[in-house]
Amino acid sequence: MIYEGRSLSPLPTRDAMLPMLSTLVAARQSNQTLAALTRSLPPRFTLSNRLVEMPTARSQEKIDLLRRAPEEEAKVLGLVAVCGGGLSHMDETDGVRMTFASEEIIHLRPSGNAPELRVYVEADTQSRAEELLAVAMNAVACWRTN
């Protein structure tokens with residue numbers, strides 16, 4: 001942007017700055033370097049995939065079932081058994097983000113710009129995240145027809 005003949009650089013957005021600032025504040029409050037703080041945190045691995053050709057309305061319908069009866073629907077999908085325990089928390093901010101007793105996470109949400117269902121997982125190891133993603137993708141694949 002040009003203002004009074006001078007170039008004005010874009011300002012960082014709030015969403016881009018908050019994670020960085022939060023991390024710096026946490027390091028400072030714990031009297032650690034950023035590297036030491038990072039080493040002290042437990043390892044987490046995330047993966048994602050998408051179920052294509054899944055209409056948004058259909059995705060939303062299925063996610064609404066999870067909202068109404070999360071424990072039952074997660075059991076039907078086989079997610080409770082594979083995650084080693086029941087649901088400990090569910091966040092409905094953007095789709096359904098299910099945290100299980102094992103602290104593993106499966107997050108399902110309709111895409112905002114395509115007929116797709118997005119699937120995100122989080123676990124303590126890369127191999128476990130890969131396993132969770134495969135299970136979650138297989139579980140929601142039946143949503144196209146059922």
Side-chain angles (χ1 to χ4, degrees), residues 1 8-146:
M1 175 179 172
L8 181 63
S9 301
L11 299 173
T13 66
R14 172 200 60 189
D15 292 343
M17 291 301 294
L18 285 177
M20 290 184 281
L21 291 174
S22 298
T23 306
L24 291 171
V25 168
R28 183 178 210 172
Q29 286 180 338
S30 63
N31 289 322
Q32 298 181 63
T33 65
L34 203 49
L37 176 64
T38 302
R39 284 191 303 272
S40 73
L41 297 173
R44 294 300 279 176
F45 296 83
T46 59
L47 291 173
S48 65
N49 203 341
R50 61 201 171 110
L51 185 63
V52 295
E53 301 306 320
M54 179 67 173
T56 301
R58 182 91 170 136
S59 293
Q60 195 60 55
E61 174 187 313
K62 294 298 187 175
I63 285 172
D64 286 344
L65 285 174
L66 273 167
R67 284 187 172 117
R68 287 193 299 272
E71 195 76 34
E72 294 83 31
E73 288 299 317
K75 281 181 185 173
V76 167
L77 292 172
L79 302 177
V80 171
V82 79
C83 289
L87 284 170
S88 61
H89 180 71
M90 192 166 86
D91 184 333
E92 299 178 26
T93 303
D94 182 19
V96 173
R97 180 182 164 99
M98 300 170 284
T99 303
F100 294 86
S102 62
E103 297 187 10
E104 295 171 329
I105 296 169
I106 297 176
H107 182 180
L108 308 172
R109 72 172 190 81
S111 171
N113 60 2
E116 301 172 345
L117 176 69
R118 306 287 170 107
V119 179
Y120 306 89
V121 299
E122 186 175 321
D124 289 337
T125 67
Q126 180 73 27
S127 62
R128 183 62 178 154
E130 290 168 0
E131 181 182 354
L132 283 180
L133 185 59
V135 168
M137 289 298 294
N138 285 334
V140 297
C142 71
W143 283 1
R144 281 195 197 116
T145 56
N146 294 340

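Fair warning: this is a prediction, and the values are worked out from it, not measured in the lab.
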If you apply the rule side chain to side chain contact (heavy atoms under 4.5 Å, CB included), what do you find for R67 with I63, and how did you get there? CA-CA 6 Å; R67 284 187 172 117; I63 285 172; 3.7 Å; yes
Test side chain to side chain contact (heavy atoms under 4.5 Å, CB included) applied to E92 and L66, step by step: CA-CA 10 Å; E92 299 178 26; L66 273 167; over 6 Å; no
Step by step, work out the side chain to side chain contact (heavy atoms under 4.5 Å, CB included) result for V121 and V135. CA-CA 10 Å; V121 299; V135 168; over 6 Å; no
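Under the 3.5 Å distance criterion, the side-chain polar atoms of R144 are left unmatched by any main-chain donor or acceptor of P55. Using a distance-only test at 3.5 Å, with no hydrogens or angles considered, a donor-acceptor pair links the side chain of S40 to the main chain of L37. With hydrogens and angles disregarded, no donor-acceptor distance shorter than 3.5 Å links the side chain of R109 to the backbone of R97.
The distance from atom CZ of R50 to atom OG of S59, rounded to the nearest 0.5 Å, is 13.0 Å. Interatomic distance, M90 CE to I106 CD1, rounded to the nearest 0.5 Å: 13.0 Å. A distance of 11.5 Å separates CG of L47 from CE of M137, quoted to the nearest 0.5 Å. Put simply, CG on L133 and CD on E131 are 11.0 Å apart, with the number rounded to the nearest 0.5 Å.
The closest side-chain heavy-atom distance from P42 to D124 is not below 4.5 Å. Here the side chains of T23 and L34 are in contact, with some heavy-atom distance below 4.5 Å.
Residue pairs meeting the ring-ring contact (aromatic ring centres under 6.0 Å, His included) criterion with at least one member in residues 117-146, sequence neighbours excluded: H107-Y120. Pairs passing the ring-ring contact (aromatic ring centres under 6.0 Å, His included) check and including a residue from residues 48-106, sequence neighbours excluded, do not occur.
Taking each heavy atom of L132 and A123 in turn, the nearest pair found is CD1-CB, 4.0 Å. Closest approach of L51 and M54 over heavy atoms only: O-CB, 3.5 Å. In plain terms, the two heavy atoms of V119 and A136 that are nearest each other are CG1-CB, 3.7 Å. For A114 against T56, the heavy-atom pair with the smallest separation is O-OG1, 3.8 Å.
Partners of E130 according to the salt bridge (charged side-chain N to carboxylate O under 4.0 Å, His left out) rule, which considers only residues two or more places apart in sequence or in another chain, do not exist here. Remark: S88 engages T99 in a side-chain contact (heavy atoms from CB on, under 4.5 Å) (not counting sequence neighbours). Not counting sequence neighbours, R28 has no partner by the salt bridge (charged side-chain N to carboxylate O under 4.0 Å, His left out) test.
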Side-chain donor-acceptor contacts of residues 69-83 below 3.5 Å, not counting sequence neighbours, with atom names and distances?
{"from": "E71", "atom 1": "OE1", "to": "L87", "atom 2": "N", "distance (Å)": "3.3"}

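Within 6.0 Å of CZ on R44 lie more than 12 heavy atoms contributed by other residues, nucleotides or ligands.
None of E104, E122, E103 except one satisfies the salt bridge (Lys or Arg N to Asp or Glu O under 4.0 Å) rule with R128; the exception is E104.
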